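Beneath this line is the structure, given in structure tokens, with notes to follow.
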Amino acid sequence: MNNAEHVVLDVRNLRKHFVLHTIDSRIVEALNGVSLKVSAGEHVALAGTSGAGKSSLLKSIYRTYKPSSGAVFLKLDDDSFVDLVSLTDSELATLRGTQIGYVSQFLRAQPRRSTFEIVTKAGIQRGMDSDTAKQAAAYSLQRLNLDEALWDVSASMLSGGEKQRVNLAAGTISPPRLLLLDEPVSALDPLNRESALELIGTLTDQGVAVLAVFHDMDAMERLASRVIVLRNGVVDYEGSPMETLARLEGVAR
Amino acid sequence: MTSVVSPEWVLKVNQLGKIFGNLSENGLALTGPEIGSSKDPATGAIVAAWDVSFEVAAGEALGVVGESGSGKSTVMRCIAGDQSSSAGSVQIRTSPDEQIDVLSLTPSERRQLRIDKIAVVYQDPAEGLDLNVTAGGNIASPLTAAGWRNFSSIRSRASELLLRTEVPLNRMDDVVKSFSGGMKQRVQLAKALANRPPIVLLDEPTTGLDASVAAGVLDLIRGLLEEFGLAAVVVSHDFSVIEMLTNRCIVLNHGRVVESALTDQLLEDPHHPYSQKLVSAARA
Amino acid sequence: MTTLLNKLIDDNESEQFGILDEYSKREIRRAVLTAVAVPGYQVPFGSREMPVARGWGSGGLQITLAVIGPNDIIKVIDQGDDQGVNAVNLRRLIVQSTKVSETTTAAKSSIVQSRHRIPEDGLDQRHILVLQVPVPEPLRGVERDMRELARMHAEADYSKMWVSLYEDKVRNGVITQTTGYPCLVNDRYVIATTPIPRWDIPKLDHSPFLTLFGAGREKRIYAVPPFTKVEPLTFEDVPFEVEKTEGATCSQCGSNSSFLVEIPGTQTRWVCSDTDWCERNLEGN
């Protein structure tokens with residue numbers, strides 16, 4: 001599956017150092033030269049201990065963190081590649097809206113508008129017309145078992161698990177080219193977790209390139225076609241879920 | 001290289017500068033964030049803003065962040081035409097054929113611009129509204145300035161706007177003076193949108209309101225920005241306002257831009273020492 | 001000319017023609033000419049001390065005395081009444097200091113000085129109508145800052161005036177302003193038509209006569225030249241209406257087609273405001 005022709009995301013030697021000016025200009029190294037590729041329809045899971053750089057990598061790709069050096073190539077509709085690191089802020093903002101989905105544990109500050117509106121709005125941003133977006137929003141929310149009684153409720157009133165599902169629904173309303181997931185099911189109970197994982201699986205089948213961080217190995221095992229283990233901000237090793245997870249569990253034991 | 005389309009700007013500010021007083025020859029070098037002052041030590045002139053550049057597209061909101069005295073409001077007033085500038089240019093483009101160089105306009109032409117091109121929402125309602133006039137009358141002002149002469153059309157447009165900004169219609173004929181702070185800001189928003197301007201400048205639109213009231217007004221502003229595809233500049237010292245309303249930001253310190261970034265990036269990965277100080281203070 | 005001027009100035013013994021010295025008259029006439037050239041624009045002038053108190057017609061009086069010549073015939077009214085105290089005093093002052101003839105019939109006059117009315121009939125292109133104005137600034141009620149007022153006129157920014165008309169209509173259901181109704185002159189300047197009632201405003205529009213407005217206390221002169229558009233400000237769907245009381249007729253001449261004023265008393269009575277017109281109407285009957 002990791003076919004060069006289908007590569008959607010090509011991260012090359014990505015570094016991220018923080019300079020903490022408020023704390024004696026201390027330098028914190030988060031990523032020390034990460035290179036990896038994700039193809040269309042491939043689900044790559046990131047693993048590693050906390051502090052290994054998993055979330056930092058996702059944020060550096062999405063550019064919530066501004067990379068210190070390296071490149072993040074993303075394939076566009078016309079098969080050309082664009083380096084996200086070198087785009088202007090407004091170019092990147094456009095690309096985020098249309099091509100890249102990012103679902104984190106937390107719901108970003110949203111106006112107190114209804115859950116349904118938030119998800120619909122995400123669809124419109126991806127280029128859907130209003131009616132299609134409404135249908136898609138209803139479909140996603142149903143798939144994630146979000147009680148219809150909550151659709152009219154302001155998202156800020158929802159529980160952590162409900163918010164997370166709203167987040168997922170918005171991030172996946174139309175399949176993006178690249179989907180970045182940062183512990184997207186951490187707050188969900190087993191039943192809801194199940195339908196969320198199913199939804200993510202469907203997206204991969206639709207050709208979305210997924211790069212994900214999960215807190216549990218079970219999710220990785222079920223969804224990932226490949227696991228990349230990070231350590232101290234570099235790729236330690238990678239392989240099939242079976243072999244890497246066995247190795248990780250071995251370490252854990 | 002790229003087939004990424006950068007959205008067309010509607011408002012473009014280029015190397016805008018505003019100096020109060022007479023600057024000495026080295027005045028620019030003797031002021032700024034590195035020096036930690038905007039006051040020329042030789043002449044006492046104040047470099048309120050210098051070399052400020054940014055672009056804003058339709059449907060985009062740019063945040064201007066900084067402490068009081070950083071030059072935020074100066075920049076906004078120069079764009080709005082409330083204040084003349086000392087250097088640089090401000091251009092607005094409302095259609096492919098219409099590009100206006102704001103700073104070269106006469107005061108009268110600038111006033112025209114404020115009728116249907118650039119709207120401003122001020123922190124102090126008294127600056128944006130006539131408090132002794134009814135809510136409807138305040139909205140009638142930009143409408144009549146734009147040539148509306150039909151009483152019932154003005155009434156229905158005003159009610160439409162007040163409805164949209166969530167002002168109870170039974171208060172339409174009350175003088176604004178009698179309104180609560182949050183309600184006054186809603187009337188200001190309705191007035192600002194009266195002639196559907198492509199650009200809106202928001203100067204600390206919720207500062208001074210109670211938290212719960214401010215949240216409601218912010219919700220409304222965010223909805224309006226999206227609904228009308230406005231190009232917006234949001235001046236605020238409050239990161240929750242910036243986070244809620246904007247996609248991109250510039251950080252001003254002693255009149256200069258010290259950082260420009262995507263809003264989420266500024267909040268999670270601020271680079272300049274001043275930005276880091278601001279963000280950590282806001283997070284504390 | 002110069003000789004005459006010198007003679008007039010030097011000759012302290014002889015009484016001035018029309019109280020004002022020739023230099024003052026010239027200054028006022030220059031202001032009048034500017035006012036005529038820019039219809040509706042308020043021209044500042046060096047208002048003089050007159051033998052009447054400011055606010056009692058000193059502005060109108062100065063204009064009359066600056067434009068009057070020995071062959072003019074003067075009519076002066078207060079409200080529409082030639083016999084009002086103020087009218088009588090001003091007429092006496094003008095006639096004594098100029099020796100011109102006087103009349104109460106508008107058609108026979110050449111200059112009409114008035115405070116509140118335009119005569120019902122008789123004015124044509126031979127006439128100059130001089131109106132005594134207490135408050136020349138139409139925007140006074142909506143803006144106090146002098147510089148802002150100047151800017152608003154300069155830029156023809158009358159939205160505040162429109163807002164005040166809007167507010168009036170909202171609060172009262174109708175536009176209540178009666179005297180001094182704001183009018184747009186020649187599609188450019190808004191003027192205060194103080195102190196005439198709405199009834200007289202249609203007479204100003206494209207009138208054959210020249211109207212000069214003089215405000216002595218405020219030191220302003222403005223004009224509506226003959227055949228100039230004068231348009232009362234009103235909304236398209238709120239028609240401009242003149243004062244009219246349904247069923248009222250003049251208790252003296254029986255007219256119902258003239259501007260009537262109410263006479264206070266136990267029983268409501270109405271009479272023509274224009275007394276000269278009323279008398280002629282009565283004779284005609």
Side-chain angles (χ1 to χ4, degrees), chain B residues 81-82 84 105-116 119 126-159 161-162 167 169-178 187-188 190-192 194-195, chain C residues 38 40-41 138-177 181-191 198 201 205 229-241:
Chain B
D82 289 345
S84 65
L105 298 180
T106 63
S108 150
E109 290 167 327
R110 259 187 243 172
R111 190 185 60 77
Q112 289 293 320
L113 220 56
R114 289 286 289 278
I115 296 172
D116 60 358
E127 233 179 311
L129 297 173
D130 188 333
L131 299 182
N132 294 311
V133 164
T134 63
N138 269 289
I139 297 169
S141 171
L143 292 177
T144 57
W148 290 52
R149 292 292 179 266
N150 188 293
F151 183 76
S152 23
S153 310
I154 292 170
R155 292 286 289 174
S156 68
R157 176 85 178 120
S159 11
L161 286 157
L162 291 172
V167 176
L169 282 191
N170 61 12
R171 304 222 53 193
M172 177 169 171
D173 297 334
D174 292 348
V175 289
V176 174
K177 196 160 54 179
S178 68
V187 177
Q188 256 206 97
K191 180 183 177 184
N195 290 312
Chain C
V38 191
Y41 174 67
L139 305 173
R140 181 60 53 83
V142 296
E143 181 59 59
R144 304 209 72 82
D145 184 333
M146 296 289 284
R147 282 174 61 183
E148 183 62 7
L149 282 170
R151 183 198 67 72
M152 286 160 78
H153 280 297
E155 297 179 4
D157 171 13
Y158 294 123
S159 64
K160 277 204 168 177
M161 181 55 93
W162 284 102
V163 170
S164 91
L165 293 172
Y166 168 94
E167 295 277 295
D168 196 1
K169 172 91 172 95
V170 164
R171 285 175 202 191
N172 305 303
V174 287
I175 294 175
T176 55
Q177 184 147 16
Y181 198 90
C183 290
L184 186 66
V185 178
N186 201 27
D187 292 321
R188 178 59 185 84
Y189 286 99
V190 168
I191 62 164
R198 286 204 223 177
I201 287 192
D205 183 32
K229 187 173 167 190
V230 176
E231 191 186 7
L233 294 187
T234 190
F235 295 103
E236 291 159 1
D237 51 344
V238 182
F240 175 79
E241 283 168 354

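All chains are named by letter (A, B, ...) in the order of the sequence lines, taking the proteins before the strands, and each is independently numbered beginning at 1. Keep in mind it's a predicted model, so treat the numbers as computed, not measured.
Electrostatic pairing of Asp130(B) and Lys191(B) does not count as a salt bridge here, judged by no charged N lying under 4.0 Å from a carboxylate O.
Residue contact with chain B, scored on non-hydrogen atoms closer than 4.5 Å, involves the side chain of Glu167(C) exclusively. With a 4.5 Å cut-off on non-hydrogen atoms, Ile139(B) does not touch chain C at all.
By the ring pair (Phe, Tyr, Trp, His ring centres under 6.0 Å) test, Tyr41(C) pairs with Tyr189(C), sequence neighbours left out. In terms of the side-chain contact (heavy atoms from CB on, under 4.5 Å) criterion, residue partners of Asn195(B) (sequence neighbours excluded) are, by chain and number, Ile115(B), Asp116(B), Pro142(B), Leu143(B), Ala146(B), Trp148(B).
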*asked:* I'd like to know whether Phe151(B) forms a side chain to side chain contact (heavy atoms under 4.5 Å, CB included) with Glu236(C), so could you lay out the CA-CA distance, the side-chain angles of the two residues, the decisive distance to 0.1 Å, and finally the verdict.
replied: CA-CA 7 Å; Phe151(B) 183 76; Glu236(C) 291 159 1; over 6 Å; no
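Of the listed residues (Asp173(B), Thr134(B), Thr144(B)), the one with the most heavy-atom contacts under 4.5 Å to chain C is Thr134(B). Ranked by heavy-atom pairs shorter than 4.5 Å toward chain B, the options Lys160(C), Met161(C), Arg151(C) are led by Arg151(C).
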